[in-house]
Amino acid sequence: MKIATWNVNSIGVRLEAVLDWLRDNPVTVLGLQETKTPDGTFPRAAFEAAGWQVCCTGQKSYNGMALVSREPLTDILTDLPGVAGDQKRFLTATCNGVRVVNLYVPNGSSIGSDKYVYKLAWLEALASHLRAILPRFPRLVVMGDFNIAPEDRDVHDPAAWEGHIHVSPPERAAFRNLLNLPLADCFRAVDPEPGRYSWWDYRQGSFRRNIGLRIDHVLASPALMERLRGCVIDKQPRGRERPSDHAPVMAEFDL
DNA sequence: ATGGCGCGCGCAGCGCGA
């Protein structure tokens with residue numbers, strides 16, 4: 001079973017890129033973030049015509065989530081318990097016996113801002129929810145755009161990023177709090193090297209120069225980690241014309 | 001260090017992202 005996550009930065013602009021990627025990477029389920037469109041304008045028919053099932057929770061212009069799957073998606077939940085408001089940043093469903101939680105963690109803007117406070121509160125609510133469901137769902141995947149680079153090896157220039165969003169100690173503590181549930185970072189279970197990124201700024205030729213951050217993650221529960229076969233960041237789509245600034249991250253389990 | 005980039009919205013240029 002292959003499970004993947006991808007922040008597509010608008011499904012309207014990226015539809016062909018996503019369909020092409022799914023043709024080349026026939027995963028069981030793909031979680032999308034930043035679809036940026038309400039459910040009524042999500043290109044559901046294009047996915048269904050290619051043999052995919054879709055569930056989505058979107059809004060105009062900002063945020064927006066989807067799960068695209070070969071297998072039925074059941075027990076769908078579109079709101080993170082404990083978080084008020086209408087930001088569409090959470091979508092979870094059960095697929096092939098695995099509870100799949102798809103996330104778009106708030107960016108946080110800058111350290112100390114209202115959005116930063118919201119980000120940390122959101123991560124607290126997430127940890128509470130996951131702690132509550134882990135006994136019921138021993139096979140649990142938590143994936144998405146976390147907007148956190150967990151360690152310095154996930155940052156091209158840690159000194160330049162010090163004091164900035166994505167790397168602050170409270171954000172990293174919130175990430176470790178998720179690992180302590182316990183969940184494991186699938187990519188780091190198979191590749192410990194620095195220089196492995198999932199996001200590169202559109203500016204300054206950052207992708208060509210591999211100046212980026214590893215902020216998109218697939219976390220898995222112990223029962224799944226026993227079965228982890230591999231995890232890769234696929235840089236190929238980032239090299240296309242009009243790419244998303246994020247790369248897909250894909251994990252494979254013996255299921 | 002931050003402007004460059006790219007998105008939506010909507011028709012100019014701004015808010016936002018990371």
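The structure presented is a predicted model; accordingly, all values stated were derived computationally and were not measured. Every chain is numbered from 1, with letters handed out A, B, ... down the list of sequences.
- Listed nucleotides B/dG6, B/dA18, B/dC16 differ in distance to A/R203; the shortest reach to its side chain belongs to B/dA18.
- Heavy-atom distances under 4.0 Å link DNA chain B to A/R242, A/H246 of residues 233-250 of chain A, given in residue order.
- Look at CG on A/N63: it is 12 Å from P on B/dC16, rounded to the nearest Å.
- For B/dA18, the OP1/OP2 oxygens have no side-chain nitrogen or oxygen of A/Y116 closer than 4.0 Å.
- Look at OH on A/Y202: it is 10 Å from P on B/dA18, rounded to the nearest Å.
- Nearest nucleotide to the A/K60 side chain, out of B/dC9, B/dC16, B/dA18: B/dC9.
- By the criterion of side-chain heavy atoms lying less than 4.5 angstrom apart, applied directly or through intervening Ile, Leu, Val, Met, Phe, Trp or Tyr residues, A/V54 is not grouped with A/L73; the two fall into different hydrophobic clusters.
- Across all strands shown, B/dG6 pairs with B/dC16; the Watson-Crick or G-U wobble distances both stay below 3.5 Å.
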Checking A/W200 against A/N210 for the side-chain hydrogen bond (donor to acceptor under 3.5 Å, both in side chains) test, could you report, in this order, the C-alpha distance in whole Å, the side-chain angles of both residues, the deciding distance, and whether it holds?
CA-CA 7 Å; A/W200 303 260; A/N210 198 32; 3.0 Å; yes
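- Between B/dC7 and B/dA12, the two C1' atoms lie 16 Å apart (nearest whole Å).
- At whole-Å resolution of the value, NE2 in A/H217 and P in B/dA18 are 12 Å apart.
- Across the P atoms, B/dG13 and B/dT2 are found 25 Å apart, a figure rounded to whole Å.
- One finds no side-chain N or O of A/R14 lying less than 4.0 angstrom from the OP1 or OP2 phosphate oxygen of B/dG6.
- Following rounding to the nearest Å, A/N7 (CG) and B/dC5 (C1') show an atom-to-atom distance of 15 Å.
- Within the structure, every side-chain polar atom (N or O) of A/N9 is placed at least 4.0 Å from both OP1 and OP2 of B/dC7.
- Distance from the side chain of A/Y62 is smallest to B/dC16 among B/dG4, B/dC16, B/dC5.
- Regarding contacts with the backbone of B/dA18, a side-chain N or O of A/N107 is found under 4.0 angstrom from either OP1 or OP2.
- Regarding contacts with the backbone of B/dG17, a side-chain N or O of A/K115 is found under 4.0 angstrom from either OP1 or OP2.
- Taking the centre of each ring, A/F47 and A/W52 stay at or above the 6.0 Å mark.
- Across all strands, A/Y197 comes closer than 4.0 Å to no nucleic acid atom at all (heavy-atom distances).
- Distance A/Q87 CD to B/dG17 C1': 13 Å, rounded to the nearest Å.
- Put simply, CD1 on A/I211 is 14 Å from C1' on B/dT2, counting in whole angstrom units.
- For the C1' atom pair drawn from B/dG4 and B/dG10, the interatomic distance equals 24 Å after rounding to whole Å.
- A salt bridge links A/E171 to A/K119: at least one charged side-chain nitrogen sits closer than 4.0 Å to a carboxylate oxygen.
- In this structure, A/A160 and A/H166 both approach DNA chain B, and ranking their closest nucleotides by distance from the 5' end singles out A/A160.
- Rounded to a whole Å, the CG atom of A/L32 is 16 Å from the P atom of B/dC7.
- Side-chain contact between A/R44 and A/C56 is present, with heavy atoms from C-beta onward closer than 4.5 Å.
- In this structure, A/R209 places its CZ atom 12 Å from C1' of B/dG4, rounding to the nearest Å.
- A salt bridge does not link A/R89 to A/D145: none of the charged side-chain nitrogens sits closer than 4.0 Å to a carboxylate oxygen.
- With ring centers used as reference points, A/F146 lies 6.0 Å or more from A/Y104.
- The side-chain heavy atoms of A/C95 and A/T28, taken from C-beta on, include a pair separated by under 4.5 Å.
- Taking atom C1' on both B/dA1 and B/dA18, the two are 16 Å apart, rounded to the nearest angstrom.
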